[in-house]
Novice: 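Take this structure, written in structure tokens, and hold onto it; I'll ask about it next.
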2 protein chains.
Amino acid sequence: MNDYTTILREHNLKATPQRLEMTNALFMNGHVTIERLYELMLKKFSSISLATIYKNINLMLEASFIEEVKLPNAKSVYELTKETHSHLLCSKCDKVQDIVLNLTDVTRRASNAANFNISKTDLVLSGLCENCS
Amino acid sequence: MNDYTTILREHNLKATPQRLEMTNALFMNGHVTIERLYELMLKKFSSISLATIYKNINLMLEASFIEEVKLPNAKSVYELTKETHSHLLCSKCDKVQDIVLNLTDVTRRASNAANFNISKTDLVLSGLCENCS
DNA sequence: AACTTAAAGGATAATTATTATCTTTTAATA
DNA sequence: TATTAAAAGATAATAATTATCCTTTAAGTT
């Protein structure tokens, strides 16, 4: 029984082989689209149904076990939930990477300016990564 | 010939009545989903095709005349292109509002930390608006 | 270890969202 | 007003996602 078995069960999700492999694929690949995840899963479960992918993605989202990252001009990717962070998107190679940024100043300013009670920030910074620029 | 007639033509888009009404709907409503835009358009053009909406949305996006805003846990909304800005999303009433924030400090820090050449930032701050909190 | 059962998987139909195709209409220009 | 490329409308086709239904299985119980 590895780490994810426990974590899945803590979220009231049965630790099936398919789910363990999904979490493994997310862990190994970081940020994956639905179609990429399906491809990855097919390597291990040659007859897995796409419906299983979707059902598990949705259950894992509800359980906050994973998160969806909406990207400009690209399909959403999914990642394991971790410390709050922002994302960098390379517009050339399409790689997505995490970056931990202190946004307290920005949210404070926004909160004051608009009288808004901010509880979550979604930030995607697009440009060229180290390799592509 | 109003403002939008000129602007549409400057983007090499014919100023059709349907397009003028689309821009008007975006101007009056600020941020609208595809389905809401379709509803609004049907009031003025009872036989407008949904395909026309999609085609024009895509042409206007290509011309940078409008922009798509991807929101967490919600469908995308579209807005007329204006000064660079961020968005506030109320998680109770679902209203979206614009906010101009200086993000140079954040982007500079991110750029330095990750060796990234940042050209665009997409920021959505979620929480409770003045009315809902 | 076998038994029970609610939950999950697989196959696939159904639904929703978006794009493509084709014919008719029209905005823009001469 | 005549011409024409582009746009609109109708609808078919495709893509993305969800629902249904039957079979299998994880996980707890005896």
Side-chain angles (χ1 to χ4, degrees), chain A residues 1-25 32-63 65-66 68-78, chain B residues 1-25 32-63 65-66 68-78:
Chain A
M1 189 200 292
N2 67 25
D3 287 345
Y4 290 121
T5 302
T6 309
I7 299 175
L8 281 167
R9 288 181 185 162
E10 282 170 2
H11 289 90
N12 293 313
L13 297 172
K14 281 190 184 177
T16 66
Q18 289 87 343
R19 286 177 181 169
L20 290 171
E21 182 53 28
M22 275 181 69
T23 58
N24 184 53
V32 293
T33 60
I34 293 283
E35 64 183 343
R36 178 77 183 122
L37 185 58
Y38 185 43
E39 287 171 8
L40 291 167
M41 292 299 293
L42 279 173
K43 291 179 184 175
K44 298 291 176 61
F45 298 90
S46 59
S47 69
I48 196 171
S49 170
L50 188 51
T52 299
I53 307 285
Y54 276 107
K55 281 185 285 192
N56 283 333
I57 284 284
N58 287 329
L59 286 167
M60 289 176 181
L61 282 172
E62 283 170 36
F65 179 64
I66 64 170
E68 180 179 2
V69 184
K70 292 195 177 184
L71 302 169
N73 311 315
K75 290 179 185 167
S76 288
V77 292
Y78 298 86
Chain B
M1 189 201 289
N2 69 26
D3 286 345
Y4 290 121
T5 301
T6 309
I7 299 175
L8 281 168
R9 289 181 186 162
E10 283 171 1
H11 288 90
N12 295 313
L13 297 172
K14 281 190 183 178
T16 65
Q18 289 86 346
R19 285 177 182 170
L20 289 171
E21 182 53 28
M22 276 182 67
T23 58
N24 183 55
V32 293
T33 61
I34 293 282
E35 63 182 344
R36 178 77 183 122
L37 185 58
Y38 185 44
E39 287 170 9
L40 290 167
M41 292 298 293
L42 279 173
K43 292 179 183 174
K44 299 290 175 64
F45 298 89
S46 58
S47 70
I48 196 172
S49 169
L50 187 53
T52 299
I53 307 284
Y54 276 106
K55 280 185 287 191
N56 283 333
I57 284 285
N58 286 329
L59 286 168
M60 291 176 181
L61 283 171
E62 283 170 36
F65 180 63
I66 65 170
E68 179 178 4
V69 184
K70 292 196 177 183
L71 303 169
N73 309 316
K75 289 179 184 168
S76 288
V77 292
Y78 298 85

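All chains are named by letter (A, B, ...) in the order of the sequence lines, taking the proteins before the strands, and each is independently numbered beginning at 1.
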Novice: Measure from CD on B/E68 to P on C/dT18 and round the result to the nearest Å.
Specialist: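 So the two atoms are 9 Å apart, to the nearest Å.
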Novice: Check this one for me: any side-chain N or O of B/Q18 less than 4.0 Å away from OP1 or OP2 of D/dG9?
Specialist: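 For D/dG9, OP1 or OP2 has a side-chain N or O of B/Q18 closer than 4.0 Å.
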Novice: Mind listing the closest non-hydrogen atom pair of B/T33 and B/R36 along with its distance?
Specialist: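 Here B/T33 and B/R36 meet closest at OG1-N, 3.1 Å.
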Novice: Heavy-atom nearest nucleotide on DNA chain D for B/P17 versus B/L50: which residue maps closer to 5'?
Specialist: B/P17
Novice: How many Å lie between CZ on A/F45 and C1' on D/dT24, as a whole number?
Specialist: 14 Å
Novice: Counting only side-chain nitrogens and oxygens, does A/S49 get under 4.0 Å of the OP1 or OP2 atom of C/dA11?
Specialist: no
Novice: Below 4.5 Å, heavy atoms only, C-beta onward: do B/I7 and B/F65 meet side chain to side chain?
Specialist: yes
Novice: For the pair made of CG in B/L8 and C1' in C/dA28, what is the distance, rounded to whole Å?
Specialist: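 Roughly 14 Å, once rounded to whole Å.
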Novice: Can you find a heavy atom in the side chain of A/R19 that is under 4.5 Å from one in the side chain of A/M60?
Specialist: yes
Novice: Starting from P on C/dA27, measure out to CZ on B/R19 and report it in whole angstrom.
Specialist: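 Computing the B/R19:CZ to C/dA27:P distance gives 11 Å.
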Novice: Grab the NZ-C1' distance between B/K14 and D/dA6 for me, whole Å please.
Specialist: 4 Å
Novice: For A/L59 and D/dT18, give me the distance from atom CG to atom P, rounded to whole Å.
Specialist: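 Checked: the CG to P distance equals 11 Å.
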Novice: In whole angstrom, give the distance that lies between atom CD1 of B/I57 and atom P of C/dT18.
Specialist: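 My rounded result for the distance is 10 Å.
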Novice: Strictly below 4.0 Å: does A/T16 bring a side-chain N or O up to OP1 or OP2 of C/dG9?
Specialist: yes
Novice: Just to confirm, is there a sub-4.0 Å distance from OP1 or OP2 of D/dT18 to any side-chain nitrogen or oxygen of A/N58?
Specialist: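 For D/dT18, OP1 or OP2 has a side-chain N or O of A/N58 closer than 4.0 Å.
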Novice: What are the two closest heavy atoms between A/E68 and A/S76, and how far apart are they?
Specialist: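 Closest approach of A/E68 to A/S76, heavy atoms only: OE2-OG, 2.7 Å.
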Novice: Give A/A51 one of three labels, base, sugar-phosphate or nothing, depending on what nucleic acid heavy atoms sit under 4.0 Å from its own.
Specialist: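 Base contact.
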Novice: Kindly say if B/Y54 contacts the phosphate of C/dT18, meaning a side-chain N or O under 4.0 Å from OP1 or OP2.
Specialist: yes
Novice: Does C/dA17 have OP1 or OP2 under 4.0 Å away from a side-chain N or O of B/K75?
Specialist: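 For C/dA17, OP1 or OP2 has a side-chain N or O of B/K75 closer than 4.0 Å.
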Novice: Answer yes or no: is there a side-chain heavy-atom contact under 4.5 Å between A/I57 and A/L37?
Specialist: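 A side-chain contact exists here, since the closest heavy-atom pair is under 4.5 Å.
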Novice: Rounding to an integer number of Å, can you tell me how far B/E21 CD sits from D/dA8 C1'?
Specialist: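 So the two atoms are 15 Å apart, to the nearest Å.
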Novice: Establish, with yes or no, whether the OP1 or OP2 oxygen of C/dA7 is under 4.0 angstrom from a side-chain nitrogen or oxygen of A/N12.
Specialist: no
Novice: Side chain of B/L13, heavy atoms from C-beta onward: which of C/dG9, D/dT17, D/dA7 has the nearest atom to it?
Specialist: D/dA7
